[in-house]
Amino acid sequence: MTFPASPMRMPLARAAVHAVLLLYTALCLGPVLLVVMNSFKTRASIFSAPLSLPGPGSFDLVGYMTVIGQGVFLNYFVNSLIVTVGSIAAVLLFGAMAAFALSEYRFRGNRALGLFLALGIMVPIRLGTVAILDMMVASRLVNTHLALILIYTAQGLPIAVFILSEFMAGVSKDLKDAGRIDGLSEYTIFARLVLPLVRPAIATVAVFTMIPIWNDLWFPLIVAPGEATKTVTLGAQVFIGQFVTNWNAVLAALSLAILPVLLLYLMFSRQLIRGITAGAVK
Amino acid sequence: MGSLQLQAVRKSFGKVDVLQGIDLDVADGEFVVFVGPSGCGKSTLLRIIAGLDEQTSGNLRIDGKVMNGVPPAKRGIAMVFQSYALYPHLTVAKNMGLALAQEGMLQAAINTRVAAASALLRLDALLDRRPAELSGGQRQRVAIGRAIVRQPSLFLFDEPLSNLDAALRVGTRIEIAKLHRQLGATMVYVTHDQIEAMTLADRIVVMNAGVIEQVGRPIDLYNRPATLFVAGFIGSPTMNFIGGADAARVNATTIGVRPEHLRVAPEGDWIGQVSHAEHLGADTMLYVEVPEIGLVTARILGDVVHDVGDRVGLTPQSGKIHRFDADGRAITP
Ligand SMILES: Nc1ncnc2c1ncn2[C@@H]1O[C@H](COP(=O)(O)OP(=O)(O)OP(=O)(O)O)[C@@H](O)[C@H]1O
Ligand SMILES: [Mg+2]
């Protein structure tokens, strides 16, 4: 009786769902909007009317001028991009390879290894900060991009292996076996048959890995605070002083920092949506 | 070329012995069908022949050459999977040509081979499509085509038709039979389907719980099953088994009579009541409840009218009674 929603109740239920979704969207987008809006306003109107849109009286690009005028800020962007892209690449490559091995081959300790890797999901890597810093100092990696890439790769691998091995186990066994009979090497089977079929999972992992890396303040501050390796999030801190904060510049820097990560996200999400596997196996 | 020899092949997964010593010789050009209940190890045996799994012990020869440990691509075999297992991102032509390209064959030569195979399977119009754009029957033909282009000495099929609907299955079955005649290659074929086994096989291998119960021509398995298991497995509907006094009278523990070998008349050796009747047009199945024996199936040619509750007599045709001893082995006269 209750299963087919009656025509009367349908719109109500729908409205409720949409109300919840809209509320959530507003919650998520509100702060971002506020930052972007205020980055285009004069300092006075940021404080007097923070919720109003930039108008003829309040419009001001001084924040952007300051950020771009600083010159080094472009370097911070490049640093962030190097670290993020490098880490994603390493996480996806090594994560996918480990996931393939764990899901495809039976060997002693397979399950134990999988569990060990999954453990990393539960233990936050920041607990090891002191040890990590020691290691970086000992190996002379402080203030290098590599230091950050290594840390973020370690941080991202557990969840990547976990998600990807689930998906890879779901790829038809017959398909891989057909490849073996056709003489494909294990590497080709991995790269040409399995990877394309788990592309949506890879895009998911990429997005989930990328955002915390881009936004991270902790590790750049600790292992790579030098001018040459500063990331955007760390760089924006220069405008936050103990006594005066250049809000125009901070807001402009943060607004600009959204752009590259948004671009990366759009790139991956196109992959996420693209249907691929239909009809591979009945 | 294309003979296959298995000597004492065993396979264990951990503690489970899935194959318990398989000996089998398949002659060049022969069509051999493996049948057996689900889980008896048919696919496992096929995968061992293909080299996708390694046997725990025993020897495997293809073309007289020992193949233990040789990778699948180097065994001169091709395999067709139940799920087709076509490469989703490649066109039909690329799917068929991939193995040859992998061997380093020139594109022109690959094209010739693919063209020949696709002509044989009527796939010419589909060569540029991807698997997602094909029907189930077409996909299975592409999978068979992919096997053919390699010109293997041994074809392996694992239930290739079980995902197709009934009409398509008959068509493809006939196509496979033709293909076997044209190519003259050795084929090993796993199926659950009685009719496929009976019609395609030169010899049928009946497997049960990891051992071979009997190997023989289809008609021999039908006429002279070596064990109770084979007698019950080959033939549809299954043979009637009768124990007790009726069996003891002919010095057996169990006797078996096929439904088509029972005469139905008002009187007979066994008298019972019709409990159900199935009218298939060409023949009629009568399920007769016989006191002290149980349900006996009889198959009568043509459409015969019998109502539920009718009293009928059943008599086995002379010479069509199979006798089995206490171990389930056939007693030969
Ligand atoms: N990788 C494996 N690990 C453990 N046991 C396995 C494995 N593969 C197969 N088995 C077991 O081996 C037995 C035989 O399996 P197999 O797939 O060969 O059966 P089959 O005869 O092909 O059955 P079906 O007719 O259902 O396809 C089964 O009991 C199965 O559980
Ligand atoms: Mg099977």
Side-chain angles (χ1 to χ4, degrees), chain A residues 92 96 100-115 164 167-203 268 270-282, chain B residues 13-14 43 46-47 49-53 71-90 94-105 129-140 142-143 146-147 149-150 152 154-156 158-160 162-164:
Chain A
L92 291 184
F100 185 71
L102 284 176
S103 64
E104 184 61 19
Y105 306 123
R106 314 154 143 272
F107 53 89
R108 205 175 290 277
N110 178 321
R111 292 196 38 168
L113 200 61
L115 245 134
L164 291 180
F167 272 80
M168 285 183 183
V171 172
S172 151
K173 192 174 159 60
D174 285 353
L175 191 67
K176 294 175 260 189
D177 285 341
R180 291 192 178 107
I181 286 180
D182 276 351
L184 304 186
S185 70
E186 294 298 308
Y187 293 101
T188 319
I189 289 173
F190 167 71
R192 299 279 305 280
L193 295 186
V194 175
L195 275 192
L197 287 175
V198 299
R199 212 152 55 175
I202 290 190
F268 286 123
R270 261 203 23 238
Q271 298 285 323
L272 252 168
I273 294 157
R274 198 180 283 173
I276 354 157
T277 66
V281 248
K282 189 163 178 181
Chain B
F13 288 109
S43 297
L46 208 63
R47 292 173 55 81
I49 298 172
L52 295 169
D53 276 335
K74 300 255 155 57
R75 292 188 177 204
I77 52 117
M79 187 157 171
V80 177
F81 296 88
Q82 179 180 358
S83 63
Y84 318 146
L86 299 178
Y87 309 120
H89 54 301
L90 298 182
K94 290 258 169 57
N95 258 285
M96 289 165 67
L98 184 66
L100 302 180
Q102 210 63 32
E103 287 168 14
M105 192 184 270
R129 298 218 199 150
R130 279 165 199 268
E133 300 159 349
L134 300 176
S135 74
Q138 292 168 334
R139 281 180 211 172
Q140 192 52 284
V142 174
R146 181 171 66 180
V149 292
R150 308 188 53 198
L154 179 59
F155 280 90
L156 305 172
D158 195 355
E159 305 193 32
S162 55
N163 276 346
L164 303 180

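Chain letters run A, B, ... following the sequence lines, proteins first, then strands; residues in each count from 1.
Using a distance-only test at 3.5 Å, with no hydrogens or angles considered, no donor-acceptor pair links the side chain of B/Tyr87 to the main chain of A/Arg192. In terms of modelled atom types and a separation under 3.5 Å, the side chain of B/Arg150 and the main chain of A/Ile181 share a donor-acceptor contact.
Heavy atoms from other residues, nucleotides or ligands lying under 6.0 Å from OH of A/Tyr187 number 12 at most. Within a 6.0 Å radius of CZ in A/Phe190, other residues, nucleotides and ligands contribute more than 12 heavy atoms.
Only the side chain of B/Arg47 comes within less than 4.5 Å of a heavy atom in chain A; its backbone stays farther off. With a 4.5 Å cut-off on non-hydrogen atoms, B/Leu134 does not touch chain A at all. If you measure heavy-atom distances from A/Lys173 to chain B, the contacts under 4.5 Å come from the side chain alone. For B/Ala101, no part sits under 4.5 Å from any heavy atom of chain A, backbone or side chain. Only the side chain of B/Arg146 comes within less than 4.5 Å of a heavy atom of chain A; its backbone N, CA, C and O stay farther away.
Between A/Leu175 and B/Pro88, some side-chain heavy-atom pair lies under the 4.5 Å cut-off.
Between A/Ser172 and B/Ser83 the shortest heavy-atom distance is OG-OG, 4.4 Å. Here the closest heavy-atom approach between residue B/Leu52 and residue A/Arg180 is recorded as CD2-CB, 4.0 Å.
The CE atom of B/Met96 sits 11.5 Å away from the CG atom of A/Asp182 when rounded to the nearest 0.5 Å. Distance check: A/Leu193 CG to B/Leu98 CG gives 8.0 Å after rounding to the nearest 0.5 Å.
Chain B forms more heavy-atom pairs under 4.5 Å with one residue of A/Ala178, A/Gly183, A/Gly179, A/Ser185 than with any other, namely A/Ala178.
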